[in-house]
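Below is one structure; the comments refer to it alone.
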Amino acid sequence: MRFQPPASHYIDGQYVEDTDGATIDVVYPATGERIAQLHAATPAIVEMALNSAKAAQAKWAAMTGTERGRILRRAADIMRERNHDLSVLETHDTGKPLQETLVADATSGADALEYFGGLAASLTGEHIPLGGGDFVYTIRQALGVCVGIGAWNYPTQIACWKGAPALACGNTMVFKPSETTPLSALQVAEILTEAGAPNGVYNVIQGYGAVGASLVTDPRVAKVSLTGSVPTGRRVYAAAAEGMKHVTMELGGKSPMIVFDDADIENAVSGAILGNFYSSGQVCSNGTRVFVHTAIKDAFLARLCERLETAKIGDPMDETVTFGPMVSENQMNIALGYVQKGKAEGARLVYGGARLDRDGYYMQPTVFADVTDDMSIAKEEIFGPVMSVLDFETEAEVMARANNTEFGLAAGVFTNDLTRAHRVVAGFEAGTCYINTYNLAPVEAPFGGSKMSGVGRENSKLAINHFSEMKTVYVSMNDVEAPY
Ligand code: NDP
């Protein structure tokens with residue numbers, strides 16, 4: 001098989017296999033061809049990974065931040081050198097076009113390794129002067145063994161967005177990728193070893209949800225960082241709470257994008273395309289509820305459909321292809337099911353809507369107009385290339401409707417009115433907001449959700465607070481005064 005790794009798991013600096021584990025077939029979404037076969041972790045493998053991470057942690061944390069940072073930055077350099085090969089692997093694992101994976105996956109992972117590698121040496125506590133010469137100092141400490149659990153849409157990126165800040169702070173990690181896309185996290189682990197990470201610092205084990213669940217409840221684990229759906233997040237958060245573990249939850253969304261009548265229509269259409277069809281719509285922060293002012297609705301829809309005609313759908317390994325297959329047959333069927341629901345509930349299909357007559361899990365980019373707030377396609381996360389366009393008249397009305405959702409991951413506004421842009425963004429109930437653009441997620445900026453879309457933030461300096469804790473040390477410079 002074309003992309004068969006040496007073994008399923010990477011523990012303590014080497015590949016490990018246990019063929020007793022359930023079989024995981026890795027399928028190339030563009031053809032349905034099996035490209036690798038792995039095994040889910042057995043309890044013995046889970047035990048081995050946690051023991052390795054636990055044993056490595058104290059020594060890793062005792063290294064200076066400069067030393068840890070150097071290893072992370074070296075890993076970033078190796079990832080960039082291998083970007084092409086890693087992108088080809090990611091394209092086969094996910095089906096995303098090579099045109100995308102070349103610029104958005106290993107490169108984004110490398111950015112995280114470089115950024116947190118750069119921060120590692122500057123992580124400190126503080127000195128707090130008190131009365132009478134007493135003072136407090138704080139020591140920033142690693143949490144211990146951290147578990148990362150990933151979704152299938154950005155496997156390399158997720159493995160690094162969780163691993164890089166965890167390792168920078170002196171934690172070790174056991175990472176479980178989605179069983180749909182298990183290959184690239186193994187490459188991240190190999191690269192970290194090559195860059196000088198001691199054995200056991202970053203381990204990868206494969207498996208279905210049950211493997212993730214067994215990691216979350218283990219007493220050796222101090223923190224769980226999950227990227228996944230809201231239902232899974234709810235389960236994992238509850239399980240972690242039993243052990244009072246730290247959590248970061250990066251969950252789903254149904255984000256609004258508002259296009260006012262003074263917006264630059266070309267830019268708004270570009271934003272709507274990026275925010276609905278990049279990665280075949282399989283992006284958590286997508287702006288899938290596109291509210292367009294009635295005065296420009298026809299112009300917006302006309303230009304959107306014109307631009308969609310120029311999408312090149314096809315073999316994701318062809319670098320000119322801009323729209324690839326969905327990650328799996330199951331995910332494609334979920335999205336196609338929503339197309340049927342949209343039609344049945346009275347939305348007007350203005351573009352796409354069909355599966356393509358070819359091998360692989362391809363469906364057309366799809367646009368519904370005249371969508372109303374009560375329709376399933378406007379309320380539920382689809383996680384596929386299905387855009388809902390909704391009409392609106394006033395700012396007050398659209399703000400209330402935009403926020404009328406349990407989700408709060410992202411939100412965007414297109415307008416040329418400066419004060420309105422900032423007023424609207426201030427009113428959004430969402431963790432990540434955009435003015436006149438959409439879906440950018442640079443490592444320097446916090447990323448995460450409000451409401452049911454999550455807890456905590458990834459990226460930026462804020463991620464450090466989610467992978468470390470403060471020890472407070474009170475120092476007395478005076479005699480101790482006791483009442484008796
Ligand atoms: P899932 O929630 O189905 O799974 C996420 C991960 O959790 C998988 O590795 C899964 O394993 C694992 N898992 C499932 N059940 C448990 C459990 N009880 N305990 C521990 N781990 C468990 O999400 P998908 O993989 O289908 O990804 C799509 C979802 O991810 C979407 O809702 C999307 O919005 C969200 N997402 C959020 C992002 C964000 O940053 N906010 C970014 C990307 C995606 P297995 O797959 O084997 O079941």
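One-based numbering, in listed order, for ligands and for the atoms of each. None of these values were measured; they are calculated from a predicted model. Only this structure's heavy atoms are used, side chains among them; waters, hydrogens and symmetry mates stay out.
- Trp152 NE1, 3.0 Å is the protein heavy atom nearest to atom 26 (O) of ligand 1.
- When non-hydrogen atoms are compared, ligand 1 lies under 4.0 Å from the side chain of Leu226 (C-beta onward) but not from its backbone.
- Residue contacts with ligand 1, taken as heavy atom pairs separated by less than 4.0 Å, involve Glu381 solely via side-chain atoms from C-beta onward.
- Taking only non-hydrogen atoms, the option from Ala213, Ala210, Pro155 nearest to atom 20 (C) of ligand 1 is Ala213.
- Nearest heavy-atom pair across Phe277 and Met387 is CE1-CE, 3.6 Å.
- Here the heavy atom of the protein found nearest to atom 10 (C) of ligand 1 is Lys176 NZ, 4.0 Å.
- Close contacts of ligand 1 with Gly212, meaning ligand atoms under 4.0 Å from a residue heavy atom, involve 19 (N), 20 (C), 21 (N).
- The nearest protein atom to atom 12 (C) of ligand 1, hydrogens excluded, is given as Ile149 CG2, 3.6 Å; this is a heavy-atom distance.
- Within ligand 1, counting atoms from 1 as listed, the ones closer than 4.0 Å to a heavy atom of Ser178 are 9 (O), 46 (O).
- Counted within 6.0 Å of NZ on Lys451, heavy atoms from surrounding residues, nucleotides or ligands total more than 12; the atom is thus considered enclosed.
- The protein atom (non-hydrogen) at minimum distance from atom 40 (O) of ligand 1 is Glu250 CB, 3.2 Å.
- Heavy-atom minimum distance, Phe300 versus Val389: CE2-CG2, 4.5 Å.
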Check your understanding: Could you go step by step and tell me if Glu250 and Lys162 meet the salt bridge (charged side-chain N to carboxylate O under 4.0 Å, His left out) rule?
Key -> CA-CA 11 Å; Glu250 293 293 350; Lys162 297 188 188 307; over 6 Å; no
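- For the 3.5 Å distance criterion, the side chains of Glu458 and Thr248 fail to qualify, holding no donor opposite an acceptor.
- Closest protein heavy atom to atom 28 (C) of ligand 1: Phe383 CE2, 3.8 Å.
- Close N/O approach between Thr232 and ligand 1 is found [any backbone or side-chain N/O within under 3.5 Å].
- Ligand 1 has an N or O atom lying under 3.5 Å from an N or O atom of Ser229, backbone or side chain.
- Contact analysis puts Gly207 in contact with ligand 1, with a non-hydrogen atom separation below 4.0 angstrom.
- Atom CG of Asn203 sits about 12.5 Å away from atom CZ of Phe175, to the nearest 0.5 Å.
- Gln206 places no side-chain N or O within 3.5 Å of a backbone atom of Pro177 that could act as its donor or acceptor partner.
- Atoms CG and NZ, from Leu143 and Lys223 in turn, are 7.0 Å apart once rounded to the nearest 0.5 Å.
- With a 4.0 Å cut-off on non-hydrogen atoms, Leu409 touches ligand 1 through its side chain and not its backbone.
- Heavy-atom minimum distance, Leu251 versus Leu409: O-CD2, 3.5 Å.
- The shortest heavy-atom contact between Tyr208 and Ala22 is CE1-CB, 4.2 Å.
- Remark: distances from the non-hydrogen atoms of Tyr154 to ligand 1 are all 4.0 Å or more.
- Side-chain contact check for Asn439 and Ser285: at least one donor-acceptor pair (N or O, by modelled atom type) lies under 3.5 Å.
- Within ligand 1, the atoms closer than 4.0 Å to a non-hydrogen atom of Gly209 are 11 (O), 13 (N), 14 (C), 15 (N), 16 (C), 17 (C), 19 (N), 20 (C), 21 (N), 22 (C), 45 (P), 47 (O), 48 (O), numbered from 1 in the order shown.
- Contacts with ligand 1 closer than 4.0 Å are made by heavy atoms of both the backbone and the side chain of Thr227.
- Counting all heavy atoms, side chain and backbone alike, Ala164 lies closest to Leu72 at O-CD1, 3.7 Å.
- Listed by number with element, the atoms of ligand 1 under 4.0 angstrom from any heavy atom of Arg235 are 18 (N).
- Annotation: atom 44 (C) of ligand 1 to nearest protein heavy atom, Asn153 ND2, 3.5 Å.
- Taking all atoms of both residues into account, the shortest heavy-atom contact from Asn286 to Tyr438 is C-OH, 3.6 Å.
- Of all the listed residues (Gln157, Glu179, Lys254), Glu179 holds the heavy atom that lies closest to atom 45 (P) of ligand 1.
- No side-chain donor-acceptor contact under 3.5 Å links Asp105 and Thr101.
- For a threshold of 3.5 Å applied to N or O pairs, the pair formed by Gly228 and ligand 1 contains at least one separation below that value.
- Heavy-atom proximity to Ala151, at under 4.0 Å, picks out these atoms of ligand 1: 25 (O), 27 (O), 30 (O), 44 (C).
- From the protein, the heavy atom lying nearest to atom 41 (N) of ligand 1 is Leu251 O, 2.6 Å.
- Assignment of Gly150 to the shell around ligand 1 is supported, since a heavy atom sits closer than 4.0 Å.
- The contact set between ligand 1 and Phe447, taken as ligand atoms under 4.0 Å from a residue heavy atom, comprises 40 (O).
- From the protein, the heavy atom lying nearest to atom 38 (C) of ligand 1 is Cys284 SG, 2.9 Å.
- For Trp60 and Tyr202, the distance between ring centers is not under 6.0 angstrom.
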